[in-house]
Amino acid sequence: VQLVESGGGLVQSGSSLTLSCAASGRDVSAYTIAWFRQAPGKEREGIACIGSENRGTDYVDDVKGRFTVSRDNAKHTVFLQMNSLKAEDTGVYSCAADPWATCTYQSPGYSPDYVFWGQGTQVTVSS
């Protein structure tokens, strides 16, 4: 599976942005897709995911209520709708896919190794 992110850019605080993760070569519905963010000087962290076969979504507390992840299986694309952006949301956003990962951030210590990764797209939020 090849993943290509797009949609990043420079926006002002409070704005919205939608990122896309386009998958080629495979039926994206068969994979759990997660979005990761790496802020400057920080480790990469998972922030949102959608389970395979649309088995629900989950978010870390920091983005819950502001970000929405969705999937268009016909277009082999997963989206991350980001609203009410803050300066702290600045970073490189990457999507990752895995056929076996469970989409959850409610199990402390559970951090699956995603098999397929995109190259990332930069999001910069100015305050």
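All heavy atoms count here, side chains included; hydrogens, waters and symmetry mates do not.
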Heavy atoms of Tyr114 and Ala97 approach each other most closely as CD2-C, 3.6 Å

Taking atom CD of Gln2 as the centre, does the number of heavy atoms from other residues, nucleotides or ligands within less than 6.0 Å exceed 12?
no

Side chain to side chain contact (heavy atoms under 4.5 Å, CB included), that's the test. Do Tyr59 and Thr68 meet it? Break it down for me.
CA-CA 8 Å; Tyr59 307 86; Thr68 302; 3.9 Å; yes

To the nearest 0.5 Å, what is the distance between OG1 (Thr18) and CG (Leu80)?
8.0 Å

Is Leu3 reachable from Val115 through a run of hydrophobic residues whose side-chain heavy atoms are each under 4.5 Å from the next?
yes

Can you give me the closest heavy-atom contact between Arg37 and Tyr93, atom names plus distance?
CD-OH, 2.9 Å

Linking I/L/V/M/F/W/Y whenever any side-chain heavy atoms sit under 4.5 Å apart, do Phe79 and Ile50 land together?
no

Hey, what do you get for CG (Asn83) to CG (Leu17), rounding to the nearest 0.5 Å?
10.0 Å

d(Gln38 CD, Glu45 CD) to nearest 0.5 Å is 9.5 Å

When every non-hydrogen atom of Gln122 is compared with those of Thr124, the smallest separation belongs to NE2-OG1, 3.3 Å

Distance check, rounded to the nearest 0.5 Å: Tyr105 atom OH versus Ile47 atom CD1?
7.0 Å

Does a side-chain heavy-atom distance below 4.5 Å link Arg66 with Met82?
no

Is there side-chain contact between Val69 and Val78, with heavy atoms separated by less than 4.5 Å?
yes

Smallest separation among heavy atoms of Asp58 and Cys103, with atom names
N-SG, 3.6 Å

Counting distance only, does the side-chain N/O of Ser52 pair as donor-acceptor with the main-chain N or O of Thr32 below 3.5 Å?
no

Would you please indicate yes or no on a ring centroid separation below 6.0 angstrom for Trp35 and Phe67?
no

Closest approach of Ile33 and Cys95, non-hydrogen atoms and distance?
CG2-CB, 4.5 Å

Salt bridge between Lys64 and Asp61, side-chain N to carboxylate O under 4.0 Å?
yes

What one should report as the nearest heavy-atom pair of Thr104 and Gln106 is OG1-N, 3.0 Å

Would you say the side chain of Ser94 lies within less than 4.5 Å of the side chain of Glu5, judging by non-hydrogen atoms?
yes

So how far is it from Lys86 NZ to Ser13 OG, rounded to the nearest 0.5 Å?
9.0 Å

Using modelled atom types and a 3.5 Å cut-off, is there a donor and acceptor pairing between side-chain atoms of Arg71 and backbone atoms of Gly51?
yes

Using salt bridge (Lys or Arg N to Asp or Glu O under 4.0 Å) as the criterion, list what pairs up with Asp27, not counting sequence neighbours.
none

Ring geometry between Tyr31 and Phe116 (parallel below 30°, tilted from 30 to 60°, perpendicular above 60°):
perpendicular

Report the distance from atom OG of Ser70 to atom CD of Gln81, rounding to the nearest 0.5 Å.
8.0 Å

Should Val63 and Phe36 be counted in the same cluster of Ile, Leu, Val, Met, Phe, Trp and Tyr side chains packed under 4.5 Å apart?
no

Any luck finding a side-chain donor-acceptor pair between Ser126 and Gln12 under 3.5 Å?
no

